[in-house]
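First the structure, in the form of C-alpha cells, and then the observations on it.
What you see below is based on every heavy atom in this structure, not just the backbone, and it leaves out hydrogens, waters and symmetry mates. Throughout, a chain's letter reflects where its sequence line sits, starting with A, and its residues are numbered from 1. Here the structure is a predicted model, which means the values were calculated and not measured.
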Amino acid sequence: MPGFTPDTAQTLGGHDWLVARRVAAAERLAAVTWPSTSEEIWRYSRIDDLDLERYQPRPADQRSLAVPVLDPGLVAKGVVVGDLADLDDPDTVDWFGTCSDASPDAFTLLHDAFVAGGAYVRVPPGVVVDEPLFFEHRVGGDGLASFPHTLLVVGEGAEVSVVDRFAAHGAPHLCDIVIELLVGDGARVRYVSVQEHGPETWQVGLQRAHVGRDASLHSSAVALGGDYARMRTESFLEGQGGESDLLAVYFGDSDQVLDFRTLQDHVAPHTRSDLLFKGAVEDQARSVYSGLVHLRESAQHARASQTNRNLVLTEGASAESIPNLEIEANDVHCSHASAVGPIDDDQRYYLETRGIAPDEAERLIVLGFFDDVLNRLPVPALAGALRRTIEHKVSRLRG
Amino acid sequence: MTTRLVIEGLHASVSGVEVLRGVDLEVASGEVHALMGPNGSGKSTLSHVVMGRDDYEVTAGSVTLDGTELLGLPTWRRAELGLFIAMQYPVAVPGVPVGVLLGAAVAGRGGDPGGVDAAVQREAARLEVPAEFLTRGVNDEFSGGEQKRMETLQLAVLEPRIALLDELDSGLDVDALRDLAQRVVALTRDSQLGVLAITHYARLLSELRPDRVHVLMSGRIVTSGGPELAQQLEQTGYEGLAAEFGVEELTVRPPEPADPFADPGF
C-alpha cells in the first residue's frame, strides 16, 4: 500500500517541475509537527480526530477534472484552460505555489507532496472572458486522499469568472484543496467554489488571493457537504486601490462540522475589503467562523468590514463566531459584526399573524436570511439551485 | 354573511401581573370600533392576546369568531379563520418581500397564490407604495410610515373578516393617515371588514368614523359610546374621564413590559 512517502510523491506523474516540487515537499513532510487543537488557529476544529493512516494518496491514473471547452476566439487571444497535470509553460509554472507558499501549513505541505493535477486558467492582459468557466472536481474514493488544486492567473486589466465544484464521495475520504487566485493589476475576477462532499469526506483547504493595484476580487464560497470541512479563505491586498469581497453561504446538518478561517490582509493603501459569511446549522451540526482583518501600517486609507451571522435551528446545533481586528495604520475605516442565534420569535409571530404555519414561516425566514448573499453570487444561475438545496435542508428538518 | 368577534370576560397576565381584567367587546362585519385609552392601559395587550401571541397567559374568558373559540388555537389558525393585526411596530423579515409573504399566506389558506402579485401591484398603486418596497424584505429598513402603508397593503390583499389595527396612526403624517384610513373605510364598505382600531388620538377617528368608541383603563373597558365619546375625551382627557367613572388607576402597574416588537437596533 503506497503511503504518504517521497516514493509515492515520485510516482504520481506529471511534468518534471511538478514531480520535483512534490518530492521536495514529501521530504519536508516527514519533519512536520502535525497540528492540534491546542493551537489557536485549530481551536474548535476536529483536527485531533484525523488519522492519516486511514488514507492513501489517490492514484495518478484517476483523472477526475472536467475542464470547460473554451471558445476558439478566446483561445486565439491566448486564454488557456486545462489540467495542471499537463502544464509545462515555464511562465506560468512559476506561479504555481505562489499563494500557498505565502501561507503554508501542514495541509498545504501535504497537498504539495501529492498534488497530481487540478484546474488551471490563464487570462492574458486585457482579455475579457464573458462566460463563466465551470470546473468540476470529481475527486473521491474509499480510503483515498485527493489533492484538488486551482490556479488562476489573470493578467493586467483582464476579466474572468470561474466556478469550481468539489464533490468527493467515499468512505472515508480526505480532500486537501489549494486554490490560488492571482489577480493582476486592474483585473476583475469573480470566483465561486461550491463544496458538496459526501457525508464521510474530510476537507481541509486553503483559498488565497493576491490582489494587485486597482484590481478586484469577488469570491463566494458555498459549503454544504462533508463530515468535517475546513476552508481558510484569505485575500492579500498588495496593490494600491485593490479590493476584495469575500462571501460565504454554509449549511450544516446531522453531525457535520463546517470550519472557516478568514484573513483580510491589507498591505497597500486605499485598499477595500468586505466579508459576509452567513450560515445555518441544525441537528447536531457545528460551525466555526474565525476571521482576522489585518490593516498593516502601510495600508493607510484602507476600508474593511467583516460580518458573520449564524442561525442555529435546533438545540443540539451550535456555532462559534470569532471576529478579530489587527490595526496598525492610523487612518483607516474598519467595522465588524457577528451574530449567533435561533430563528427570531418576533419574525415567526409576524408571519403567523398572516396565516402562515410555523414550519413554512421558518422556511421563509431561513431562505430570507441567505437571500442577500445568494443575490450577490456572481453567477446568478447558481442561486436558484442553491435555494432549492437550502429549502431541502430546511424542510427535511421541519417535515 | 355577518362575522362576529366576541370577547367575553377576558383576563390575561404577563409576568404574573394581570393586565386585562375582564374585557367584553364585540365587533361585527362592516363595523368600526375604536379602542382608546392611555399608555399602559392594556390596548396592545388586548390585540396580541386576541391574536394569540404566547407571551401572555389568559386566565379567564373567551374570544370567539363566529362561535369558534380562538383561545388555545395557534396564531396562524386564528389568521386563517379571518383575523388580522396591523402591528404598531411591524417586524422586519429580511429577504422575504411582501409578495412572497402574501403568496405563502394565500397558499396556506388553500388559495391560489397566482393572483397575489397582481393584487400586490394594485394595492401598491392605490396606497402609493414605491416599487422598491415590494422587492426588499418586508419592513426591512422601512420608515414608520412605510411600515404602516405595508401593513395596510397586506390587510387589503388578504381581505380578512376582522382587523385589529394597533395604532395604525403612529408615525404617520396627516396625508398618509388619511390615505390609509380611507383604504380601511373602503374595505369596511366593499368587503364588510370589521375593524377594531386602537389609538390614543381622536385624529384617526375623524377619518375612520367609528360606530362605537370604547375606553380602556387599567385593563377594563370603563365606558363605551358613540363617536361623541372621542370628542368628550379630547376635552376632558383620560384623567377627567377617569374621575367621572371613579377609576383610580388609569394604567396597570407596572405598565406594559418593554415592547417585544421594538426595533432591537441591529
Side-chain angles (χ1 to χ4, degrees), chain A residues 247 249 251 276 278-280 305-311 321 323 335-377 380 383-384 386-388 390-391 394-395 398, chain B residues 47-48 50-55 73-87 89-98 100-111 135-140 147 150-151 154-155 157-160 163-164 166 259-264 266:
Chain A
L247 278 67
V249 172
F251 200 132
L276 178 60
K278 286 183 123 175
S305 78
Q306 177 192 31
T307 303
N308 173 234
R309 294 189 192 281
N310 299 278
L311 273 182
S321 183
S335 65
H336 64 170
S338 121
V340 176
I343 286 182
D344 184 74
D345 284 338
D346 295 342
Q347 291 181 351
R348 185 169 30 219
Y349 174 62
Y350 186 73
L351 296 186
E352 283 194 49
T353 64
R354 276 37 178 161
I356 298 171
D359 290 358
E360 175 67 1
E362 295 192 358
R363 190 186 71 87
L364 291 175
I365 292 166
V366 173
L367 282 173
F369 170 78
F370 285 116
D371 199 60
D372 55 348
V373 185
L374 293 176
N375 282 341
R376 284 170 67 187
L377 280 181
L386 270 170
R387 274 196 185 88
R388 284 189 292 280
I390 291 169
E391 278 193 277
V394 180
S395 55
R398 307 289 134 178
Chain B
S47 67
H48 287 300
V50 170
M51 208 64 222
R53 189 174 171 90
D54 56 14
D55 300 8
L73 290 182
T75 296
W76 64 279
R77 287 282 300 136
R78 300 182 194 201
E80 267 190 349
L81 290 170
L83 267 190
F84 181 91
I85 182 170
M87 291 191 191
Y89 300 109
V91 181
V93 190
V96 182
V98 69
V100 171
L101 185 161
L102 292 174
V106 169
R109 289 169 169 78
T135 52
R136 273 156 58 176
V138 65
N139 300 323
D140 194 10
Q147 292 177 354
M150 199 54 89
E151 295 291 280
Q154 294 176 55
L155 169 65
V157 171
L158 287 176
E159 293 197 330
L164 314 169
D166 191 358
D259 195 296
F261 301 100
D263 184 349
F266 58 82

Part of Leu351(A) within contact of chain B (heavy atom distance under 4.5 Å): side chain
Engaged part of Leu158(B) at the chain A interface, taking heavy atoms whose separation is under 4.5 Å: side chain
Which bit of Asn139(B) comes within less than 4.5 Å of chain A, counting heavy atoms only: side chain, backbone, both or neither? side chain
Under 4.5 Å from any heavy atom of chain A - which part of Leu83(B): backbone
Given heavy-atom pairs under 4.5 angstrom as the criterion, report whether the side chain, backbone, both or neither of Ala92(B) touches chain A. backbone
Need one label for Val138(B): side chain, backbone, both or neither, based on atoms under 4.5 Å from any heavy atom in chain A. side chain
Residue among Gly137(B), Ala104(B), Ala107(B) with most heavy-atom pairs under 4.5 Å to chain A: Ala104(B)
Residue pair Val91(B), Tyr349(A): steps toward the side chain to side chain contact (heavy atoms under 4.5 Å, CB included) verdict: CA-CA 9 Å; Val91(B) 181; Tyr349(A) 174 62; over 6 Å; no
When heavy-atom pairs shorter than 4.5 Å are enumerated against chain A, which of Gly108(B), Pro97(B), Pro160(B), Pro94(B) gives the highest number? Pro94(B)
Of all the heavy-atom pairs spanning Ala79(B) and Gly355(A), show the shortest one and how long it is. CB-N, 3.3 Å
Whatever's closer than 4.5 Å to a heavy atom in chain B on Glu360(A) counts as side chain
Under the side chain to side chain contact (heavy atoms under 4.5 Å, CB included) rule, what do Met87(B) and Thr353(A) come out as? Steps first, then yes or no, please. CA-CA 10 Å; Met87(B) 291 191 191; Thr353(A) 64; 3.8 Å; yes
When you measure from the side chain of Arg354(A) to the backbone of Ile85(B), do you find a donor-acceptor pair of N or O atoms at a distance under 3.5 Å? yes
Looking at Asp346(A) and Arg53(B), does any basic side-chain N land under 4.0 Å from a carboxylate oxygen? yes
Closest heavy-atom pair, Leu101(B) versus Ile356(A), reported as atoms and distance to 0.1 Å, is O-CD1, 3.4 Å
